[in-house]
Amino acid sequence: MRKLALNDEILLKIEKPARYIGNEVNSVMKDKSKIDIRFAMCFPDVYEIGMSHLGIQILYDMFNRREDVWCERVYSPWTDLDRIMRDEQIPLFALESQDPIKEFDFLGITIQYEMCYTNILQVIDLSGIPLNACDRSESDPIVIGGGPCTYNPEPLADFFDMFYIGEGETVYDQLLDAYKENKKHGGSRKDYLQKAAEIEGIYVPQFYRTEYKEDGTIASFTPTDPHAKQTIQKQMIADLTDTYYPMTPVVPFIKVTQDRVVLEIQRGCIRGCRFCQAGMLYRPTRERDVETLKQYACAMLKNTGHEEISLSSLSSSDYSQLKELVTFLIEEFKDEGINICLPSLRIDAFSLDVMGKVQDIRKSSLTFAPEAGSQRMRDVINKGLTEEIILDGAGQAFEGGWNKVKLYFMLGLPTETKEDMKAIPRLADKIARRYYEIPKDKRSGKCQITTSTSFFIPKPFTPFQWAKMYDTEEYIARAAVVKHEFQEQLNRKSLKYHWHEADVTVLEGVFARGDRRLSKVILEAYRLGCLYDSWTETFDNEKWMQAFENTGVDIGFYNLRERDQGEIFPWDFIDIGVTKDFLYQEWERAMKGEVTPNCRVKCSGCGVMKYKGGVCIESKN
Amino acid sequence: MKARIKFRKYGVMRFIGHLDVMRFFQKAMRRAGIPIAFTGGYSPHMIMSFAQPLGVGVTSDGEYLDIELQEEIDPQDAVRRLNEVSVEGIEVVNFCRIPDDKKSSGMTIVAAAGYRAVLLESAKSADIPRAFPESWKEKMTEFLRQDSIVVLKRTKRSEAQTDIKPLIYQMRLEENGIYLFLAAGSEQNLKPDLVIKAFLDFIGEDPDSVPFHYHRIDVYARNIRKPQDAMAFVPLDQV
Ligand code: SF4
């Protein structure tokens, strides 16, 4: 029987011991004497969040297919266990073997959002690994980061030995083989880092130096080691159909956020919304073959026993075989009590029909993400959803029996005026009016229009990477404009309004476009006790502000200025395929309110064509 | 058509709570392809009920769940299939047909449960037992000779002084632990730790510093073949 890293007394004292004992169905056990590389795969958040992430499941499966590698999982201990581990000096351990992370060859951390940065330090720290990469010794694991935030890894530069930029399916084998090779020849840690630095897509931050101008912007960013490349090419798998997909995902004992089979139907998005980072990073759009997806669905449901399946992708309505896939899932599984979780779809006859089949119309709601209230603003962000489409879709749904609508918007977009803000409640009200046009006897009571706004955060590799942000007071003022305008609406009793916290927005903004000088702020915040910053109950803005003050780093420099065309960005050394020129051109078009057609209508020559995949090589008439 | 499944829960699975064990079995049924029946409606769920919840940390050789089947399935085959898709720490040991009526459901007929309470060297490990002090045997006799054993019994809703003596059917010191045979079920239910706590209080020991591990031996129904004997019980898979 496996011996657990935590004793019974601790396990019976903490919340949800199942987070730490492993043993789940489909988790992989191996004989550690028969493997060469031990890889600890980490999602730096609590188990329930981390276990819901598809990317980790893909890599876990891919690594464990190799006989010479044993990949295990590790998550952030929740605050209760965190305290105990520090008090009793219990080292952080992997779920499968329950062995300390420190004994592993690699600690791989997926970095999905900025507000997990202190949790990354927690994981490294509890593992007993020095926080700064340059202080690590031969016996420490190689700490490697991956995931969307690594498209600007600079704020984390001090803490990682390397970053893997792009989709995990391409060069991990090469990276692991190089590690074995190096170990066999008695090479040092440095030797390995140099070898890795030569592999496409691998960035070793300690081999680069940044010089700054007097105004604080970057003067130069240069390799300091002959093995380091000038630019890092984003890794991308051109054909998704014959890549890895986990047929036997791990099935958690406790309820996790994503407690279901997840089918990734496509990667990328054809739309080109100017605020959206994923839409640029994952270009070009690549679809998975529908027949393959059907087989995956059957196999994964059988292997996990999950009672729910969901489809995952950006803008799922653009998947060309959607109708066929959804119809198949409904026909095949509805009678077996399998719940089919639809992604948010464009409202039309087809989507209303399938929604009616898989959900209770009276309880479910329609979702629209116009992102901006006025047509002018939607043109600026290149969101092709018009008021007409929304009212028309909502109308059709209302006639079909729906009476709940959810609307998502952003505040603080570039060029936003008071009129644009006020357009949000007005649009919500128009939807309600459309509902009340239906004769009383044909509608089911009142309608409920729920509007949420978040504050816009400019992200690297988007046309808005040059844009300025605002301070907390300004964000709150903008939300107040919207709230006030809601009270002016005819159907205000049917309208609800929520807005997101502004403090977190400011921090996310700093880290999204920050540089290396922010590593010390993160470290200081962690020292002051910041942890689980993405959780409202644990987020402590005062401590963060203290950390900025203690380190003398100015938030305004990162958030409150519009950047010049010529400015060197911390992430410029990464080549995602989409060119900076294209992004700037889009920024200029945005300022003029000009829309750009999507990839299927017309190629705009963004630069990603060089990967020779997906939508770029689809036949276009 | 209904069936009763008996399973063991041991090892690290003792840290998985009752509701999560239910979730585990729901998924296991699908993996094993057991033709279980569903309720109707928009979100149909499996017709499945557990006889008697087990606390976190407690191991067991006699856990029960009842399911409704859509079609007949060979019991041995069902046991094998469930074990093939199970994890270490949950082992299905029996699968038997039960009458279809409501009054035969496990939840309804539970009347008693047997436990072993093992004294531990330390709360840190349930695997290292400690021998009982010499004096306990005699003290236990005295403990049970009391007219009443009044404890503070907490339920979800209330707290009340209760005499638990009538609910202790048997209690004795055995070589590998204290054997307890206690009232169980929806009407009257006594948890083993409450008895041990009362005993430790009685002998002047601090319950918080004397660690025990609890193991459920089996869950019982009244033996309907011996209606005149109030103390005649049979395990749930033998009714
Ligand atoms: S190269 Fe053209 S088709 Fe390909 S992603 Fe860019 S804009 Fe779209």
Side-chain angles (χ1 to χ4, degrees), chain A residues 1-27 29 88 95 98 248-256 259-261 300-308 333-341 356-364, chain B residues 9-48 55-59 70 82 84-90 120-128 193 208-209 211-214:
Chain A
M1 212 186 291
R2 284 155 70 247
K3 191 166 160 22
L4 297 179
L6 301 173
N7 69 44
D8 290 31
E9 195 172 23
I10 296 173
L11 285 164
L12 291 174
K13 188 159 59 186
I14 56 178
E15 229 180 86
K16 303 194 189 172
R19 287 167 173 163
Y20 313 105
I21 64 173
N23 197 44
E24 304 98 323
V25 169
N26 298 334
S27 59
M29 291 301 290
E88 304 192 15
L95 296 187
Q98 300 273 313
T248 54
V250 177
V251 185
F253 291 118
I254 51 175
K255 196 158 175 51
V256 299
D259 187 30
R260 53 183 77 93
V261 165
M300 290 166 80
L301 283 167
K302 172 82 192 142
N303 294 337
T304 56
H306 281 314
E307 41 283 290
E308 196 161 83
F333 300 117
K334 194 70 190 104
D335 292 338
E336 292 179 31
I338 302 278
N339 196 2
I340 296 147
C341 239
K357 280 184 186 146
V358 303
Q359 0 173 292
D360 187 342
I361 294 177
R362 285 160 305 155
K363 285 189 195 140
S364 62
Chain B
K9 187 181 176 194
Y10 58 93
V12 305
M13 290 305 287
R14 70 184 183 279
F15 298 110
I16 306 297
H18 175 64
L19 290 176
D20 294 324
V21 172
M22 283 178 66
R23 283 167 33 83
F24 171 83
F25 270 100
Q26 278 159 6
K27 293 181 199 279
M29 293 294 161
R30 289 188 187 276
R31 291 195 297 272
I34 304 292
I36 189 164
F38 288 86
T39 60
Y42 261 101
S43 46
H45 48 264
M46 291 179 178
I47 305 180
M48 178 189 277
V56 175
V58 184
T59 52
Q70 291 173 12
L82 281 167
E84 270 171 12
V85 300
S86 189
V87 292
E88 184 175 338
I90 298 271
L120 300 175
E121 273 301 338
S122 136
K124 288 184 169 58
S125 170
D127 300 327
I128 310 168
D193 50 331
D208 290 333
S209 54
F212 272 90
H213 170 68
Y214 298 94

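Every chain is numbered from 1 and lettered A, B, ... according to where its sequence line falls, protein lines coming before strand lines.
The residue among A:Asn26, A:Asp259, A:Leu12 with the most heavy atom pairs within less than 4.5 Å of chain B is A:Asp259. Among B:Gly17, B:Ala126, B:Pro44, the residue with the largest count of heavy-atom pairs under 4.5 Å with chain A is B:Ala126. Across A:Ile254, A:Ile21, A:Leu301, A:Asn339, the residue that shares the most heavy-atom pairs under 4.5 angstrom with chain B is A:Ile254. Of the listed residues (B:Met46, B:His45, B:Arg31), the greatest number of heavy-atom pairs within a distance under 4.5 Å of chain A belongs to B:Arg31. When each of B:Met13, B:Gln26, B:Arg23 is checked for heavy-atom pairs under 4.5 Å with chain A, B:Arg23 comes out on top. Here A:Thr304 is the residue among A:Thr304, A:Leu6, A:Leu4 with the most heavy-atom pairs under 4.5 Å with chain B.
Using a 4.0 Å cut-off between a side-chain N of Lys or Arg and a carboxylate O of Asp or Glu, A:Asp8 and A:Lys13 do not qualify as a salt bridge. A salt bridge does not link B:Asp20 to A:Lys255: none of the charged nitrogens lies less than 4.0 Å from a carboxylate oxygen.
Within the 3.5 Å criterion, the main-chain N or O of A:Phe333 finds no donor-acceptor partner in the side chain of A:Glu336.
With contacts defined as side-chain heavy-atom distances shorter than 4.5 Å, the pair B:Lys27/A:Val251 qualifies.
Looking at B:Val21, there are no atoms closer than 4.5 Å to chain A (heavy atoms on both sides), in backbone or side chain. The contact between B:Phe15 and chain A is made by backbone and side chain atoms together, counting heavy-atom distances below 4.5 Å.
Checked by atom type, the side-chain pair B:His213/B:Thr59 shows a donor-acceptor distance below 3.5 Å.
Taken from OG in B:Ser122 to CD1 in B:Ile128, the straight-line distance is 7.0 Å, to the nearest 0.5 Å.
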